[in-house]
Number of protein chains: 2
Amino acid sequence: MRLSTKGRYAVTAMLDLAIHHEEGPVTLADISENQGISLSYLEQLFARLRRQGLVEGLRGPGGGYRLSRRPQDISVAEVITAIGEGIDATQCEGNRDCQDGEECLTHQLWTKLGREIFDFLNGITLASFIERDDVNKVIQRQQGRVTLVAPRLGKTLA
Amino acid sequence: MRLSTKGRYAVTAMLDLAIHHEEGPVTLADISENQGISLSYLEQLFARLRRQGLVEGLRGPGGGYRLSRRPQDISVAEVITAIGEGIDATQCEGNRDCQDGEECLTHQLWTKLGREIFDFLNGITLASFIERDDVNKVIQRQQGRVTLVAPRLGKTLA
DNA sequence: GTAATTACCTAGTATTTTACTCAGGTAATT
DNA sequence: AATTACCTGAGTAAAATACTAGGTAATTAC
């Protein structure tokens, strides 16, 4: 289990989609502007998310991306693994022979801990995370603010 | 909250120390051989762990590193942050002004999730992780094996 | 139809991080 | 005094990160 800024981008972008799940697709341009991520980088991330079946793209005006499943059916762990951060990456990857014909201590301990972290993140869905009071308050505030200041910003925050 | 192979090295090395906590200090040379990490790289990691007060080094023959605190008083989260992976690393780091004078959505969502992951890992101590039956079984097996095959390997697995 | 909008794709690249190597220190034990 | 350990800093190859540039394809609005 790995966890880097790349995973953070993917998760927050997916949360953005989840927030606007009822309102139709969200364009990457909106997410890019919102979250300060370059458009092309987002495209690369979403290419993976799409190949993993987490999102679907809709071309043309009014298009964008939307979640393939309901927000309550997509976990944070799924998003992180979808962009390729679920790979174990131990030196002795598949090998059970990394040390004298047995698994090494590193392998055993880390795969165990990694699985626990995965299980933990697998229990957090996009919906469960958004539906909290504290997070919800921020979303409401942001929506109000941006609608007021720049209503043409797009669906992401409008 | 970040989590990379660097963090894995640190955590597994600390677990190694925790396993032999009753037996005196463990040398980096032993850990290096055990876990397949270069000695100098380990020295760099342990320099940080020492500065954070998680371990203490004992020089001279028979020396090595040992935990500063009891294994039940050191959490996995502490180890990861000690080597510098606890830093938030959002683009709008301390700034609450990253977007139009307000915190951005990314910042809010991720710091929230990051704190949850931290709390989770903070609940796992070196002792609690080792004392499980399944992990313990592996440790026992490894100790038996190495003692049999190469008794002079050192304290780490002997 | 045509033009605009959006997804989608490929290749290249600068920067940072990772993981390591080397070369020399300093300090404590025997 | 010799041994064995820790410490420091500089350098470096490989990988990951984050981005740039330039296309093609599908859909919508006119």
Side-chain angles (χ1 to χ4, degrees), chain A residues 2-10 12-13 17 24-33 35-52 54-68 80 83-87 89-93 106 152 154-156, chain B residues 2-10 12-13 17 24-33 35-52 54-66 68 80 83-87 89-91 93 106 152 154-156:
Chain A
R2 289 176 58 216
L3 205 54
S4 67
T5 52
K6 195 174 179 178
R8 192 192 69 216
Y9 285 145
T12 49
L17 259 60
V26 178
T27 68
L28 292 191
D30 286 339
I31 298 177
S32 172
E33 195 160 354
Q35 315 221 17
I37 314 169
S38 85
L39 184 59
S40 286
Y41 195 45
L42 273 175
E43 283 178 346
Q44 289 171 28
L45 295 179
F46 271 79
R48 293 187 182 222
L49 295 172
R50 194 177 60 86
R51 279 195 287 270
Q52 293 298 318
L54 293 181
V55 299
E56 54 188 9
L58 301 170
R59 303 187 192 197
Y65 280 97
R66 69 179 171 205
L67 302 178
S68 300
I80 289 169
I83 58 160
E85 300 216 317
I87 309 144
T90 37
Q91 285 185 332
C92 49
E93 317 192 6
T106 305
R152 65 162 203 78
K155 292 182 180 120
T156 312
Chain B
R2 289 175 59 216
L3 204 54
S4 67
T5 52
K6 195 175 179 177
R8 193 192 70 217
Y9 285 145
T12 49
L17 259 59
V26 179
T27 68
L28 292 190
D30 287 338
I31 298 178
S32 172
E33 193 162 355
Q35 314 221 18
I37 313 170
S38 85
L39 183 59
S40 288
Y41 195 43
L42 273 176
E43 284 178 346
Q44 290 169 29
L45 294 180
F46 271 78
R48 293 187 182 223
L49 294 172
R50 194 180 60 87
R51 279 194 289 269
Q52 293 298 317
L54 294 181
V55 298
E56 54 187 9
L58 301 170
R59 307 186 189 197
Y65 279 99
R66 68 179 170 205
S68 299
I80 290 168
I83 58 158
E85 299 216 319
I87 308 142
T90 39
Q91 285 185 332
E93 318 189 7
T106 304
R152 63 161 205 79
K155 291 180 182 123
T156 312

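Numbers restart at 1 for each chain; the letters A, B, ... are given by sequence-line order, proteins then strands.
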Output row for DNA chain C, stems defined as at least 3 consecutive Watson-Crick or G-U pairs under 3.5 Å, is C:1-30 with D:1-30
Considering only side-chain heavy atoms of Ser38(A), which listed nucleotide, dA7(C), dT17(D), dT20(D), is closest?
dT20(D)
What's the closest nucleotide to the side chain of Tyr65(A) if the choices are dT8(D), dC8(C), dT18(C)?
dC8(C)
Both Pro61(A) and Gln44(A) contact DNA chain D. Which one's nearest nucleotide lies toward the 5' end?
Gln44(A)
Would you kindly compare Gly60(A) and Tyr41(A) by the position of their nearest DNA chain D nucleotide and give the one closer to the 5′ end?
Tyr41(A)
Measure the spacing between [atom1] of [X] and [atom2] of [Y] and express it to the nearest 0.5 Å.
X	Y	atom1	atom2	answer
Ile83(A)	Arg8(A)	CD1	CZ	11.0 Å
Thr27(A)	Glu33(A)	OG1	CD	9.0 Å
Leu17(A)	Ile31(A)	CG	CD1	5.0 Å

Between [X] ([atom1]) and [N] ([atom2]), how many Å, whole number?
X	N	atom1	atom2	result
Leu3(B)	dT17(C)	CG	C1'	15 Å
Leu39(B)	dC7(D)	CG	P	12 Å
Leu49(B)	dC6(D)	CG	P	13 Å
Arg48(A)	dC9(C)	CZ	P	13 Å
Leu42(A)	dA21(D)	CG	C1'	17 Å
Glu43(B)	dC22(C)	CD	C1'	12 Å
Tyr9(B)	dT18(C)	OH	C1'	9 Å
Ile37(A)	dT17(D)	CD1	P	14 Å

Between [X] and [N], is there a side-chain N or O to OP1/OP2 distance below 4.0 Å?
X	N	answer
Arg2(B)	dT18(C)	yes
Arg50(A)	dC8(C)	yes
Thr27(A)	dT5(C)	no
Ser4(B)	dT18(C)	yes

Looking at every non-hydrogen atom in both residues, tell me the closest pair between Ser32(A) and Ser38(A) and how far apart they are.
OG-C, 4.0 Å
Looking at every strand, decide which applies to Gly57(A) at a 4.0 Å heavy-atom threshold: base, sugar-phosphate, or nothing.
sugar-phosphate
Residues 56-66 of chain A side chain polar contacts: donor-acceptor under 3.5 Å, at least two apart:
residue	atom	partner	partner atom	Å
Glu56(A)	OE2	Arg66(A)	NE	3.0
Glu56(A)	OE2	Arg66(A)	NH2	3.4

Once side-chain contact (heavy atoms from CB on, under 4.5 Å) is applied, do any residues pair with Glu43(B), and if so which ones, sequence neighbours excluded?
Leu28(B), Leu39(B), Ser40(B)
Can you tell if the side chain of Leu45(B) reaches within under 4.5 Å of the side chain of Lys6(B), non-hydrogen atoms only?
yes
